[in-house]
Amino acid sequence: AISEPQVIADATGVSSALAFLSPFTWTSGENYLAVIASKGGESVVDEYAVPIMEGYKKILLIAGGTQWGYVTAAYISCSVFGFLALTFGYLGLRCSHRGKQA
């Protein structure tokens with residue numbers, strides 16, 4: 001699983017690039033980091049979850065970092081992926097040539 005949190009923590013090279021392109025990484029990772037940020041930051045993270053947090057940070061900050069913080073970035077990334085899902089769903093139904101419906 002490319003976007004599994006434990007795999008993201010150890011991702012390098014091609015695995016890192018594939019994880020960066022995964023919608024799950026963006027939605028789950030941004031929300032995970034947003035919860036950490038809203039609950040007090042890195043100091044409240046359990047020692048077993050630190051590699052996962054660092055992995056998400058490493059993958060999500062490849063694009064140059066987040067200027068607005070993780071909470072705003074989570075809203076933006078989830079909204080973009082939701083819009084894309086609705087758009088592709090509409091286009092798929094629109095272009096499927098469903099002329100013979102009962």
Side-chain angles (χ1 to χ4, degrees):
I2 293 171
S3 294
E4 190 173 321
Q6 292 83 1
V7 175
I8 289 173
D10 299 328
T12 59
V14 175
S15 298
S16 178
L18 290 174
F20 177 77
L21 295 174
S22 170
F24 175 80
T25 301
W26 281 92
T27 55
S28 174
E30 290 284 0
N31 283 311
Y32 185 78
L33 295 172
V35 168
I36 291 171
S38 68
K39 297 297 181 189
E42 296 179 19
S43 62
V44 299
V45 178
D46 187 61
E47 65 182 272
Y48 298 108
V50 170
I52 295 170
M53 179 189 69
E54 294 296 329
Y56 275 132
K57 279 186 175 182
K58 179 180 72 171
I59 296 295
L60 297 176
L61 296 179
I62 288 174
T66 175
Q67 313 306 345
W68 302 307
Y70 291 115
V71 176
T72 305
Y75 285 129
I76 292 170
S77 65
C78 289
S79 298
V80 166
F81 284 116
F83 177 75
L84 288 174
L86 289 173
T87 301
F88 285 123
Y90 169 77
L91 291 174
L93 290 173
R94 179 83 173 147
C95 301
S96 65
H97 305 294
R98 303 174 300 151
K100 302 227 176 194
Q101 291 185 348

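Sequence positions, counted from 1, serve as the residue numbers for this chain.
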Exercise. Going from CZ on R94 to OG1 on T87, what distance comes out if it is rounded to the nearest 0.5 angstrom?
Worked result: 14.0 Å
Exercise. Who passes side chain to side chain donor-acceptor pair (under 3.5 Å) against E42, sequence neighbours left out?
Worked result: K57
Problem set entry | Minimum heavy-atom distance V45-M53, with the two atoms named | CG2-SD, 3.7 Å
Problem set entry | For Y56 against S28, the heavy-atom pair lying closest together | OH-OG, 3.3 Å
Exercise. Considering residues at least two apart in sequence or located in another chain, which fulfil the side-chain contact (heavy atoms from CB on, under 4.5 Å) criterion with V80?
Worked result: I76, L84
Exercise. When clusters are formed by joining ILVMFWY residues with side-chain heavy atoms under 4.5 Å apart, either directly or through shared neighbours, do L86 and L91 land in the same one?
Worked result: no
